[in-house]
Enquirer: 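First, the structure itself, so that you have it in front of you.
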Amino acid sequence: MSQSQVSKKRKFVADGVFNAELNEFLARTLGEDGYAGVEVRVTPIRTEIIIRATRTREVLGEKGRRIRELTALVQKRFGFPENSVELFAERVENRASCAMAQCE
């Protein structure tokens, strides 16, 4: 087995663990605010984390304070460099297509 195969497997496993831990963290933190899921987009410049929720106003907080706090927590918890991760809140438009939003 070549070295690139092992590193490719490790990368997929590491990505899966990161997604699972991030989803669990956000579900616990934003459970009462209609948390419905997360999407991670990795670009060369930064990592974009899109939080899907039914009540985005509560996720953003007053004047965007809560989303900035969440950004700092995610940076610290997962070891991202400063200003390399950005969190966005996206509203779940169609509740019928999202199981997490429906069970709320």
Side-chain angles (χ1 to χ4, degrees):
M1 202 181 284
S2 68
Q3 181 65 28
S4 67
Q5 280 292 329
V6 173
S7 65
K8 204 177 274 189
K9 285 180 185 176
R10 282 183 186 224
K11 183 188 178 330
F12 276 105
V13 170
D15 287 348
V17 169
F18 168 71
N19 284 337
E21 284 186 18
L22 181 66
N23 187 37
E24 181 68 25
F25 168 72
L26 291 173
R28 286 175 191 247
T29 310
L30 304 171
E32 281 121 33
D33 300 324
Y35 175 75
V38 66
E39 181 184 337
V40 180
R41 292 184 191 156
V42 180
T43 62
I45 301 163
R46 65 175 176 243
T47 303
E48 298 175 352
I49 298 173
I50 296 110
I51 300 168
R52 278 183 260 122
T54 55
R55 295 192 295 273
T56 53
R57 188 168 284 155
E58 282 84 5
V59 173
L60 291 173
E62 188 177 321
K63 295 180 184 171
R65 181 176 171 207
R66 188 157 188 216
I67 198 93
R68 286 194 304 270
E69 288 173 357
L70 285 170
T71 304
L73 284 170
V74 168
Q75 273 181 351
K76 196 171 283 185
R77 165 65 185 89
F78 296 105
F80 284 105
E82 196 73 26
N83 297 327
S84 67
V85 66
E86 199 164 339
L87 267 69
F88 299 101
E90 182 180 275
R91 183 155 192 230
V92 176
E93 292 298 327
N94 190 1
R95 282 178 173 235
S97 64
C98 181
M100 292 279 287
Q102 269 193 337
C103 74
E104 178 185 276

Enquirer: When rounded to the nearest 0.5 angstrom, what is the spacing between CG in Leu73 and CZ in Phe78?
Expert: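 Here the rounded value is 10.0 Å.
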Enquirer: How close do Thr54 and Arg91 get, heavy atom to heavy atom, and via which atoms?
Expert: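 Smallest heavy-atom distance, with atoms named: O-NE, 3.4 Å.
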Enquirer: By the ring-ring contact (aromatic ring centres under 6.0 Å, His included) test, which pairs, at least two apart or in different chains, include something from residues 44-69?
Expert: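 Listed by first then second residue: nothing to list.
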Enquirer: Can you check whether Val42 reaches Asp15 side chain to side chain, under 4.5 Å on heavy atoms?
Expert: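 Side-chain contact under 4.5 Å: no.
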Enquirer: Check whether any side-chain heavy atom of Asn23 lies under 4.5 Å from a side-chain heavy atom of Tyr35, and answer yes or no.
Expert: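 Side chain of Asn23 against side chain of Tyr35, heavy atoms only: contact under 4.5 Å found.
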Enquirer: Would you find a donor on one side and an acceptor on the other, under 3.5 Å apart, between the side chain of Arg55 and the backbone of Glu32?
Expert: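 Here the side-chain-to-backbone pair exists.
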Enquirer: Which pair of heavy atoms, one from Ala53 and one from Asp33, lies closest together, and at what distance?
Expert: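 Looking at all heavy atoms of both residues, the shortest contact is CB-O, 4.0 Å.
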Enquirer: Can you sort out the partners of Phe25 under ring pair (Phe, Tyr, Trp, His ring centres under 6.0 Å), two or more places apart, ordered by chain and number?
Expert: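 With neighbours one apart ignored, the set is empty.
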Enquirer: What's the spacing between Ile51 CD1 and Glu39 CD if we round to 0.5 Å?
Expert: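 That separation rounds to 12.0 Å.
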Enquirer: Excluding sequence neighbours, so at least two apart, what forms salt bridge (charged side-chain N to carboxylate O under 4.0 Å, His left out) with Arg68?
Expert: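 With sequence neighbours excluded, Arg68 shows a salt bridge (charged side-chain N to carboxylate O under 4.0 Å, His left out) to no residue whatsoever.
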Enquirer: Is there a side chain to side chain contact (heavy atoms under 4.5 Å, CB included) between Leu70 and Leu30 once you walk through the steps?
Expert: CA-CA 10 Å; Leu70 285 170; Leu30 304 171; 4.0 Å; yes
Enquirer: Should Phe88 and Leu22 be regarded as members of a common hydrophobic cluster, given that ILVMFWY residues are connected when their side-chain heavy atoms come within less than 4.5 Å of each other, either directly or indirectly?
Expert: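 Different clusters: Phe88 never reaches Leu22 through Ile, Leu, Val, Met, Phe, Trp or Tyr contacts under 4.5 Å.
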Enquirer: Provide the closest heavy-atom pair for Thr71 versus Val85 in the form atom of the first, atom of the second, distance.
Expert: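 Taking every non-hydrogen atom into account, CG2-O, 3.7 Å.
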Enquirer: Starting from Val17, walk the hydrophobic network (Ile, Leu, Val, Met, Phe, Trp, Tyr; side-chain heavy atoms closer than 4.5 Å) and list everyone else you reach, by chain and number.
Expert: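 Members besides Val17, by chain and number: Val13.
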Enquirer: Partners of Glu86 by salt bridge (charged side-chain N to carboxylate O under 4.0 Å, His left out), sequence neighbours excluded?
Expert: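 Expected list: Arg46.
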Enquirer: Just jot down the side chain to side chain contact (heavy atoms under 4.5 Å, CB included) partners of Glu69, sequence neighbours excluded, or say none.
Expert: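 Side chain to side chain contact (heavy atoms under 4.5 Å, CB included) list for Glu69, sorted by chain: Arg65.
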Enquirer: Minimum heavy-atom separation for Ile50 and Glu90, please, with both atom names.
Expert: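 Looking at all heavy atoms of both residues, the shortest contact is CG2-CB, 3.7 Å.
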Enquirer: What's the separation between atom CD1 in Ile49 and atom CG in Leu87, rounded to the nearest 0.5 Å?
Expert: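 Answer for the CD1-CG pair, Ile49 versus Leu87, is 5.0 Å.
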